Amino acid sequence: MNKIIYFSFASLAFITIIAIVYFRKKKLKTIEIKIFTKILILTILCLVFEILSAFPFMNSILWLKLFLKKLFLISMFLLVVNYFKYTIILIKGINYTFSKIEKIIINSVEIIVSLAILVTSLHLNVGDDGVVINSYGLAQSIGSMASMGIIVIIMILLLINIKKLTSRRAIPLLFLVILMFCAGYIQILFPSILLINFCLSFVAVIMSMTIENPDLKIIEQLNIARDTAEKANEAKTDFLSNMSHEIRTPLNAIVGFSNLLLEDESVPDSAKDEVRDIVMASDNLLEIVNGILDISKIEANKLEIVNTEYSLKKLCDELVSLSRGRLGDKPIEFKTKFDPSIPDVLYGDSTRIKQICVNILTNAIKYTKEGWIEFKISGIIKNDVCRLIISVEDTGIGIKKENIDKLFNKFERIDLEDNITIEGTGLGLAITKKLVELMNGKIVVQSVFGKGSKFTVSIDQRIVKNPTIKLDEEINSEEKTIINNKRVLLVDDNKINLKVAEKLLESYGIDTESVDSGFVAIEKIQNNEKYDMILLDDMMPKMSGVETLKKLKEIPGFNITTIALTANALTGMKEKYLSEGFDDYLAKPINKDELNRIINKYLNND
Ligand code: ADP
């Protein structure tokens, strides 16, 4: 027996072990894995046919020997075709599927070449010692030429797409092509050395241990799935951010002009009622947009708790006046109880604490027809931490026992048939719970159906002993003062928004000048035009507000108060704009009280 056949024996033993391990592993069902499975099986078949035909006793059963040789040639060809398919997948991407026509062409070539090898003649070249040196004949030529032809096609495809092939996957294929050429050349020079099979199994083994390793492939797929999910989530967040911007921009006009109409003395009272309804409807719409943004931010882990020093008393005052306003003329007594031992200044996220309280207070107002609502805050002080116990109790419709667990699910509304007239999205409590948890707090509900409910939130806040904020700085934001001799530059690419801001500021007696881009604003400042404040929109084409401010700050002597005015309300915006160098932040739609605060803070010299 040809001693070189030991190569094939060793290869067969090795690749069989590898194949057993490979087939026992859990695999994905991708087309690439299917092709590689065929490659492994065909490599083993090539080796089996080659070894069987090389046994000495085969010399006496010549027809069987020739038949095995032919089977070897066919499996070798099919193996090379599968490497070709693998190359195509590599180039086109793992999600590529062969079209019907491509499949028909490939299958036809496989059948025609296999049949041609089977029916044409094959002869054996026997040496003087009776040992078969090699085989020749039409079948041999068809098998070798077809296989070599496909190897050449693989090589050309790899070379043409070399730039695309950045993946590690291309390496074994390049290796295969080079080895096959070398092995083919050696076999022509020394026909008795059976190297091709050895090379093929060598490449298959390397592939199964590296790039085609099922475990690595599953991890790879998991990574791809995670990346895709992350991208989809980012796209959703981007979409929501854009949607928020798009909805807020027209809302700004609706809210701004409606508020101006309410103040306009020439508008008859009957019309004012309708304008009030417009304001209320816009406020509801804004709350829905904000709710959707908040929940998506929380789900994308993008909601950050921003801790600052704040006055709890001021926060409570705001909440009480807001709730009283929302009660309208409902026959409900609004009771408050604030623990006087709670320190004046605490350190925490007052915006989010306010949001939590607003949500449960608004629910109490919404779901109570008559009776009373009690808003109570008590504190438990331990070292430098104050545990705030905030509770809102009502004599409202109450919640059935079986519904308590569902309360905090997003978009879940309870007893919808009874509450159909009460507006809501079912997001409030879902957001509230997440916010409380983000602050390491707890929320509990006690309720008796038909009698009333009590929502209790507990959150730890640090006590600030030496506050840096001034408690007496508070300016009554309700009061509108007339401010003379002040000039404000308005920068916004949206004409309606400019008009809203102009009218709102003019109602304070403030002079305004409007420009529609950062470029014009910079030009004005460079030309030494004097302003007391700049209201700068951020999302503008070509040059954003942030970029404009950067350029403005480069102008020597520039020290005008600049306020970011933006409909972009997605991520902790106020902090973002302050860190970009803005003096303050005003969200669109412009809230009257916020505008009042800003005007009083920066333009009111008294
Ligand atoms: P929304 O109020 O927008 O429907 P929420 O998430 O704030 O959504 O509340 C979810 C549900 O919990 C409400 O639909 C309501 O049925 C119930 N609920 C919340 N607060 C109260 C309350 N104080 N009294 C009675 N039911 C309430």
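When reading the values below, keep in mind they use all heavy atoms of this one structure, side chains included, and skip hydrogens, waters and symmetry mates. Both ligands and their constituent atoms are indexed starting at 1 by order of listing. In this text the structure is predicted, and so the values were computed from the model without any measurement. This chain uses plain numbering: 1 for the first residue, then up along the sequence.
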Test: Arg597 and Glu594 ion pair at under 4.0 Å: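 Yes.
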
Between Glu370 and Lys330, is the closest basic N to carboxylate O distance under 4.0 Å?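 A salt bridge is absent here (no side-chain N lies under 4.0 Å from a carboxylate O).
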
May I ask you to list the atoms of ligand 1 that are less than 4.0 angstrom from any heavy atom of [X]?
{"X": "Leu407", "result": "12 (O), 17 (C)"}
{"X": "Lys366", "result": "1 (P), 2 (O), 3 (O)"}
{"X": "Gly428", "result": "5 (P), 6 (O), 7 (O)"}
{"X": "Ile397", "result": "25 (C)"}

Could you establish whether Ser453 and ligand 1 come within less than 4.0 Å of each other, counting only heavy atoms on the residue side?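 Judged by the 4.0 Å heavy-atom criterion, Ser453 does count as contacting ligand 1.
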
Nearest 0.5 Å, please: how far is OH in Tyr577 from OG1 in Thr562?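 One gets 14.0 Å once the value is rounded to the nearest 0.5 Å.
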
Out of Leu361, Ile288, Asn363, whose heavy atom is nearest to atom 19 (C) of ligand 1?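 Among Leu361, Ile288, Asn363, the closest heavy atom to atom 19 (C) of ligand 1 belongs to Asn363.
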
Region of [X] that comes within reach of ligand 1 [heavy atoms, distance under 4.0 Å]:
{"X": "Leu429", "result": "both"}
{"X": "Asp394", "result": "side chain"}
{"X": "Phe408", "result": "neither"}

On the 0 to 90° scale, with breaks at 30° and 60°, tag the Phe334-Phe375 ring pair as parallel, tilted or perpendicular.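 If you compare the ring of Phe334 with that of Phe375, the planes turn out tilted.
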
Expected list for residues 489-496: side-chain donor-acceptor pairs under 3.5 angstrom, two or more places apart:
{"unit_1": "Asp492", "atom_1": "OD1", "unit_2": "Asn494", "atom_2": "N", "d": "2.8"}
{"unit_1": "Asp492", "atom_1": "OD2", "unit_2": "Lys588", "atom_2": "NZ", "d": "2.9"}
{"unit_1": "Asn494", "atom_1": "OD1", "unit_2": "Ile496", "atom_2": "N", "d": "2.9"}
{"unit_1": "Asn494", "atom_1": "OD1", "unit_2": "Asn497", "atom_2": "N", "d": "3.0"}

Kindly give the heavy-atom pair with the smallest separation between Asp593 and Asn591, and that separation in Å.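 Answer, listing the atom of Asp593 first, then Asn591: N-OD1, 2.9 Å.
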
Flag the pair Leu388 / Ser458 as yes when at least one side-chain heavy-atom distance between them is below 4.5 Å, and no otherwise.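 Result no, sub-4.5 Å side-chain heavy-atom pair not found.
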
